[in-house]
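Counting starts at 1 for both ligands and their atoms, in listed order.
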Amino acid sequence: MRAHLLVLGGTTEARALAAALASDPAPEGPGPGLTRPGTTGPRVTSSLAGRVAAPRLPAGEVRIGGFGGPDGLAAWLRAERVDAVVDATHPFAAVMSRNAALAAAATGVPLLALRRPGWSPVDGDRWHPVESLDAAAAVLPGLGRRVFLTTGRQGIGAFAHLDGLRFLARSVDPPEPPVPAALDVLLDRGPFTLDGERALLREHRIDVVVTKDSGGAATAPKLTAARELGLPVVVVERPAPPAGVPVAASVPAALDWLAARGLAPR
Ligand code: NAP
């Protein structure tokens, strides 16, 4: 039997993991777990929430939409005979990560969290760490009037009441109400370049940037551009990950974890 892996996705790392598993043939001959002469690597199902209208699809099988909470996920893991789950959701997808931890505990299916490291400030950064989008909204009026909002369309409502500020929000799909009264929307998705981010901040005369601590290279150039221009950046800190779930900080580390369990080729 081929091993069946569930990758909870929606991130660059989730796609990279699915691609690595799909392209990696299993070793020939009898071996730990999935190996069988002539078979390819494990069966991989990637799961997407369905928030983005035209998502970038990972390699392998894809399912789209919620499972119906932790119980629904646990039932899916049993019905699909899943051998391991990699929670490669965005660091701010806290509900899904909690559900994955509960479902893994209920079923005994091994769970790994794949989390890219967060960003760290360097010399010249003017960061204002906050615990939530609401806290970001509370500090904004003291920091600037023209705001570049990069926290994703789902969180824009937290800023809807800030009538005195002008917002440029960048998101993959258009935000839905409630939104701030003075809002320009830029539909785009990373990766972004430093030249592009510099130009954007200047063109829109941005004087404060808001971001989640998403980590990763794809959206980091805005931080460099803000530093160069001396702009404050409000950084929403990550929610705490579920306790007791092992964490891999990179795709190779996740592949090692799977290989150590005989669930992916070495
Ligand atoms: P969330 O608040 O943690 O999850 C809310 C519900 O959405 C979950 O209870 C689950 O529904 C469903 N869900 C979330 N991720 C799913 C997945 N990969 N596959 C199937 N169902 C999923 O999630 P979120 O913050 O809205 O993020 C949704 C998706 O967007 C995630 O896949 C995440 O990786 C991606 N994303 C999020 C952010 C962000 O800033 N939050 C940024 C970039 C990408 P059920 O309870 O019905 O199973």
Checklist entry - Should the pair Arg78 and Trp76 be classed as cation-pi, given the thresholds of under 6.0 Å to the six-membered ring centre and 45° from the axis? => result no
Checklist entry - Can you tell which of Ala93, Gly69, Gly65 gets a heavy atom nearest to atom 45 (P) of ligand 1? => result Gly69
Checklist entry - Is the NZ or CZ atom of Arg63 both under 6.0 Å from the centre of the six-membered ring of Phe67 and within 45° of that ring's axis? => result yes
Checklist entry - Is atom 25 (O) of ligand 1 in close reach of the protein, with a heavy atom under 4.0 Å away? => result yes
Checklist entry - Which residue and non-hydrogen atom of the protein lie closest to atom 43 (C) of ligand 1, and at what distance in Å? => result His90 CD2, 3.3 Å
Checklist entry - If we only count N/O pairs under 3.5 Å, is Ser47 in contact with ligand 1? => result yes
Checklist entry - Which of these, Gly9, Ser97, Ala49, Pro91, has its nearest heavy atom closest to atom 32 (O) of ligand 1? => result Gly9
Checklist entry - Can Leu48 be said to touch ligand 1, with heavy atoms closer than 4.0 Å? => result yes
Checklist entry - Any salt bridge between Glu197 and Lys222, counting N to O under 4.0 Å? => result no
Next on the checklist: If the threshold is 4.0 Å, N to carboxylate O, is there a salt bridge linking Glu80 and Arg43?
Outcome noted: yes
Item to check | Arg189, CZ: over 12 other non-hydrogen atoms inside 6.0 angstrom | outcome: yes
Checklist entry - Which is it for Pro70 and ligand 1 at heavy atoms under 4.0 Å: side chain, backbone, both or neither? => result neither
Item to check | Carboxylate-amine/guanidinium proximity below 4.0 Å for Asp256 and Arg266 | outcome: no
Item to check | Derivation and outcome, side-chain hydrogen bond (donor to acceptor under 3.5 Å, both in side chains), residues Thr193 and Asp195 | outcome: CA-CA 5 Å; Thr193 66; Asp195 281 349; 5.8 Å; no
Checklist outcome for this item: Filtering Gly10, Gly66, Ala14, Gly152 for the heavy atom nearest atom 11 (O) of ligand 1 leaves Gly66
Checklist entry - Is the number of heavy atoms from other residues, nucleotides or ligands under 6.0 Å of Glu228 CD greater than 12? => result yes
Next on the checklist: Using a plain distance cutoff, I'd like to know if Thr89 has any nitrogen or oxygen under 3.5 Å from a nitrogen or oxygen of ligand 1.
Outcome noted: no
Checklist entry - Would you say Arg205's side chain and Leu201's backbone share a donor-acceptor pair under 3.5 angstrom? => result no
Checklist entry - Contact between Ala94 and ligand 1, counting heavy atoms under 4.0 Å? => result yes
Item to check | Identity and separation of the nearest protein heavy atom to atom 47 (O) of ligand 1 | outcome: Gly68 N, 2.9 Å
Item to check | Carboxylate-amine/guanidinium proximity below 4.0 Å for Asp123 and Arg227 | outcome: no
Item to check | Heteroatom distance test (Leu8, ligand 1): nitrogen or oxygen, under 3.5 angstrom | outcome: no
Checklist entry - How far is atom 40 (O) of ligand 1 from its nearest protein heavy atom, and which residue and atom is that? => result Lys212 NZ, 2.6 Å
Checklist entry - Which option, Arg98, Gln154, Met96, owns the non-hydrogen atom nearest atom 22 (C) of ligand 1? => result Met96
Checklist entry - Could an N or O of ligand 1 be found under 3.5 Å from any N or O of Thr151, whether backbone or side chain? => result no
Item to check | Which residue and heavy atom of the protein sit nearest atom 5 (C) of ligand 1, plus the separation | outcome: Arg51 NH2, 3.3 Å
Checklist entry - Taking distance alone, with no angle check, do Asn99 and ligand 1 share an N/O pair under 3.5 Å? => result yes
Item to check | CZ on Arg98 to CG on Asp87, rounded to 0.5 Å | outcome: 13.5 Å
